[in-house]
Number of protein chains: 2
Amino acid sequence: MNIENTKAQMKKGVLEFCILSILSNGENYPSEIIEKMKTAKLIVVEGTLYPLLMRLKNDGLLSYRWEESTSGPPRKYYKLTPVGEQFLKELDITWKELVEAVNKTTNPSTPANQ
Amino acid sequence: MNIENTKAQMKKGVLEFCILSILSNGENYPSEIIEKMKTAKLIVVEGTLYPLLMRLKNDGLLSYRWEESTSGPPRKYYKLTPVGEQFLKELDITWKELVEAVNKTTNPSTPANQ
DNA sequence: TTTAGTACTATGTGATACAAGGTACTACTT
DNA sequence: AAGTAGTACCTTGTATCACATAGTACTAAA
């Protein structure tokens, strides 16, 4: 049992939310997503991101188009589908509820209401 | 892919944090923990909690004592060990960092500092 | 042709929330 | 005494996901 493992566990489910959020601001290809996550201090590696994008695409939340690159192989630019946008809204609520629930549990001295 | 599954995934790693937090305020036995979590809108079932408590105990973060009950079988009252208290402090930091990272990713228009 | 850099893909492992089922103790009823 | 309900603790099997690792393929420069 160590902090690193717990951090990894805490990230589960949250990555999905972050990726959809990033794509809601416009098209991105995987390496860009990794960069943006890193900027926000959320380290994600290829082995995590690619399967996740594949899953989101297969579930109809994302679509992509190929685009040639002048500096390497072609890139897959992903974007949200209407279903993805709807799902993102629900995830946003879910995340806020989780944060509030955790705060209630960990700060019982400062109840939110009552 | 549905919201319920994502909720379950988001809870990973967070439950550990919540349970340690609850126990930092004093001894509790499992059913009490489940009740307190439910009050905070964090539904946890026995099949999740018991293995988790066992693991935390085996890792030296928790200890317990038996106490007779007037209304059923004896109860296991859990409490934090010094190691558990230290770990909780680190988890608290980890949680705050995660919340900030997610907020940065999902609200890029309102950077926290810069 | 070789090497380096970029980009995408696939496989196997470990951790964990949960469903479902089981054991055991107490108190009340018949 | 036997049966029932309620409470409490425990175990097993499944699905999901982050990650490490390794691999494929394209471009450009040496």
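We name chains A, B, ... by the order of the sequence lines, and we start the count at 1 in each one.
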Donor-acceptor under 3.5 Å (N103(A) side chain, V99(A) main chain): yes
- prompt: Rounded to the Å, how far apart are I3(B) CD1 and dT16(D) P?
  reply: 16 Å
query: Starting at the 5' end of DNA chain D, which residue's closest nucleotide do you reach first, E68(A) or S31(B)?
result: S31(B)
- prompt: Do any side-chain nitrogens or oxygens of N5(B) fall under 4.0 Å of OP1 or OP2 in dC17(D)?
  reply: yes
Can you check nucleotides 27-30 of chain C for protein contacts, nitrogen or oxygen pairs under 3.5 Å, and list what you find?
from	atom 1	to	atom 2	distance (Å)
dA27(C)	OP1	T70(B)	O	3.4

task: Figure out the NZ/C1' separation between K76(B) and dC25(C), and round it to whole Å.
output: 15 Å
Euclidean distance, atom CD1 of residue I34(A) to atom P of dG5(C) [Å, nearest integer]: 18 Å
- prompt: E32(B) CD to dT7(D) C1': how many Å, rounded?
  reply: 13 Å
- line: Here the gap from C18(A) atom SG to K104(B) atom NZ, rounded to the nearest 0.5 Å, amounts to 12.5 Å
statement: Distance col, row M54(A):CE vs L52(A):CG, nearest 0.5 angstrom, shows 10.5 Å
- prompt: Atom CG of L42(A) to atom C1' of dC17(D): distance rounded to whole Å?
  reply: 15 Å
- prompt: Between the main-chain N or O of I43(A) and the side-chain N or O of K11(A), is there a donor-acceptor pair closer than 3.5 Å?
  reply: yes
query: Between atom CG of L56(A) and atom CG of L15(A), what is the distance when rounded to the nearest 0.5 Å?
result: 10.5 Å
- prompt: Any donor and acceptor pair, going by atom type alone, linking the side chain of T94(B) with main-chain N or O of K7(A) inside 3.5 Å?
  reply: no
message: Below the 4.0 Å mark, does dA8(D) have OP1 or OP2 next to a side-chain nitrogen or oxygen of Y29(B)?
response: yes
task: Enter the distance from I19(B):CD1 to T106(A):OG1 here, rounded to the nearest 0.5 Å.
output: 13.0 Å
task: Supply the atom-to-atom distance N28(B) CG to K79(B) NZ, rounded to the nearest 0.5 angstrom.
output: 13.0 Å
task: With rounding to the nearest 0.5 Å, note down the distance linking CG in L23(B) to CG in L88(B).
output: 9.5 Å
Measure all distances between protein nitrogen or oxygen atoms and nitrogen or oxygen atoms of nucleotides 17-24 of chain C, and list the pairs falling under 3.5 Å.
from	atom 1	to	atom 2	distance (Å)
dA17(C)	OP1	G13(B)	N	3.2
dC18(C)	OP1	K11(B)	NZ	2.7
dC18(C)	OP2	T48(B)	OG1	3.2

field: Spacing between R65(A) atom CZ and dC8(C) atom C1', to the nearest angstrom
entry: 17 Å
- request: Measure the distance from CG on N28(A) to P on dC8(C) and round it to the nearest whole Å.
  value: 11 Å
Whole-Å gap separating P (dC17(D)) and CD (E4(B)): 14 Å
task: Please report how far the helix from dT1(C)-dA30(D) to dT30(C)-dA1(D) bends, comparing the axis fitted to its first five pairs with the axis fitted to its last five, to the nearest 10 degrees.
output: 20°
task: Apply the ring-ring contact (aromatic ring centres under 6.0 Å, His included) test between Y29(A) and each candidate in Y78(A), Y77(A), W66(A); give the one that qualifies.
output: Y77(A)
field: Salt-bridge criterion met for E32(B) and R75(B) (N-O under 4.0 Å)
entry: no
message: At less than 4.0 Å, is any side-chain N or O atom of Y50(A) found next to OP1 or OP2 of dC8(C)? Yes or no.
response: yes
message: Donor-acceptor check, side chain of S69(A) to backbone of P74(A), threshold 3.5 angstrom: yes or no?
response: no
